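The model shown is predicted, which means the values in this text are computed figures rather than measured ones. Sequence positions, counted from 1, serve as the residue numbers for this chain. First listed ligand is number 1; within each ligand, the first listed atom is number 1.
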Amino acid sequence: MLDDKNPTRTDLSELGEFALIDHLTRDFPILNKSTVVGIGDDAAVLDFGDAQTLITTDLLIEGVHFNLSYTPLKHLGYKAVMVNLSDIYAMNAIATQITVSLAVSNRFPLEALEELYEGIALACKIYGVDLVGGDTTSSNKGLLLSITAIGAAKKDKIVMRSGAKPNDLLVVTGDLGGAYMGLQVLERENEVFKVNPQNQPDLASYTYLVERQLKPEARKDIIELLEKLEVQPTSMIDISDGLSSEILHLCQNSDVGCNLYEDKIPLDPTVISACEEFRLDSTLVALSGGEDYELLFTIDQKEFLKIKGNPNLTVLGHITDKNEGTHLISRNNSKIPLTAQGWNAFT
Ligand code: ADP
Ligand code: MG
């Protein structure tokens with residue numbers, strides 16, 4: 001996997017655990033005032049003053065959550081941080097620290113972990129987050145990566161999944177379906193590669209899609225935008241599993257229903273053309289594709305003028321009474337019940 005590209009291969013056993021941790025974590029300057037003690041003691045010490053603390057964690061397993069035959073380790077490190085930061089932003093909070101825990105088999109040389117930590121370091125730098133700890137151990141097989149993110153927010157700023165009210169507007173950031181179509185492209189190339197390893201894939205026309213899959217960005221910018229616009233969402237969730245499943249979570253937690261308009265779903269033109277190529281329905285891809293790490297939130301209708309025309313934000317529909325159910329209003333104006341997989345094609 002790495003050896004053909006990278007001639008140096010330093011066995012992890014040459015360093016030992018402590019030298020390895022020191023080596024991997026040497027380029028992580030402390031960026032936040034709230035980090036009192038970082039890496040190196042038995043525990044990190046954090047001080048958020050009068051803000052509330054948020055914490056979220058995620059476990060990624062090779063072969064289940066990622067495939068190293070087409071995921072560069074640097075991208076894996078970056079994405080693993082994004083997945084966690086996205087959960088903090090989805091609470092309308094700012095992420096400040098992470099911890100990183102690793103289990104690695106002896107298949108991985110030092111150079112592989114350096115690549116992984118390059119991605120983690122880049123994410124920390126761009127998003128202003130401190131690496132304050134972790135754990136390092138061996139595994140019998142493959143790579144396991146667990147990241148915990150910590151954030152802070154004033155109590156009255158925190159947004160949960162449970163606050164949506166009937167007549168609130170349903171808003172989504174960015175565009176949807178790109179990460180899923182990027183995965184389709186990568187998996188197709190991976191199959192071609194298995195048959196003919198000499199074949200160099202030409203991914204130029206799929207750059208946006210492949211980036212959405214391999215190098216997603218968490219929407220810290222939206223949390224800052226909402227603050228600037230003085231918009232306080234009534235509920236919020238991040239879209240990791242696809243729009244429909246997240247809408248259903250939000251409606252269930254808020255005890256409401258919704259109408260979502262198919263013609264409002266934001267799609268990048270490259271998603272539309274890739275869907276045509278792969279013979280997939282772009283609405284279904286947006287509804288059930290997942291891994292876009294956009295934010296879905298609701299706002300009171302009174303706030304509409306504050307967000308109107310913002311290119312980052314799309315009003316998809318509105319919240320209804322619970323007894324009206326959760327529906328997609330299709331382009332031809334039929335009302336289709338939403339399911340976690342997108343919609344139920346048999347009703
Ligand atoms: P302990 O024996 O208390 O578990 P370790 O020797 O595992 O401590 O870790 C020493 C320090 O290095 C701690 O601050 C720990 O949080 C940090 N650390 C260990 N592994 C990693 C890692 N993979 N990435 C970042 N920090 C780590
Ligand atoms: Mg330890």
- Item | For G133, the ligand 1 atoms whose distance to one of its heavy atoms is below 4.0 Å | 16 (O), 25 (C), 26 (N), 27 (C)
- Distance filter under 4.0 Å to F18 heavy atoms, resulting ligand 1 atoms: 6 (O)
- Query: Remaining members of V36's ILVMFWY cluster at a side-chain heavy-atom cut-off under 4.5 Å?
  - Reply: V37, V45
- Task: Evaluate side-chain hydrogen bond (donor to acceptor under 3.5 Å, both in side chains) for E294 paired with T173, printing each intermediate quantity in order.
- Result: CA-CA 6 Å; E294 296 294 341; T173 65; 2.5 Å; yes
- Proximal candidate to atom 12 (O) of ligand 1 [heavy atom criterion; set V104, V132, I21, L20]: I21
- Item | For ligand 1, the portion of Y117 having any non-hydrogen atom under 4.0 Å away | side chain
- Query: Is there side-chain contact between I319 and S254, with heavy atoms separated by less than 4.5 Å?
  - Reply: no
- Message: Could you check whether any heavy atom of V100 sits closer than 4.0 Å to an atom of ligand 1, since that is the contact criterion I want to use?
- Response: yes
- Message: Judged on heavy-atom distance to atom 13 (C) of ligand 1, which of D135, L145, D41 sits nearest?
- Response: D41
- Note on the structure: ligand 1 atoms nearer than 4.0 angstrom to some heavy atom of T25 are 24 (N), 25 (C), 26 (N)
- Kindly give the heavy-atom pair with the smallest separation between T314 and K264, and that separation in Å. CG2-O, 3.3 Å
- Item | Check: P72 and L214 side chains under 4.5 Å, non-hydrogen atoms | yes
- Can you find an N/O atom of L102 closer than 3.5 Å to an N/O atom of ligand 1? no
- Classify the angle between the aromatic ring planes of Y261 and H318 as parallel (below 30°), tilted (30 to 60°) or perpendicular (above 60°). tilted
- Message: With heavy-atom distances below 4.5 Å as the criterion, would you say the side chains of V315 and I307 are in contact?
- Response: yes
- Query: Could an N or O of ligand 1 be found under 3.5 Å from any N or O of G38, whether backbone or side chain?
  - Reply: no
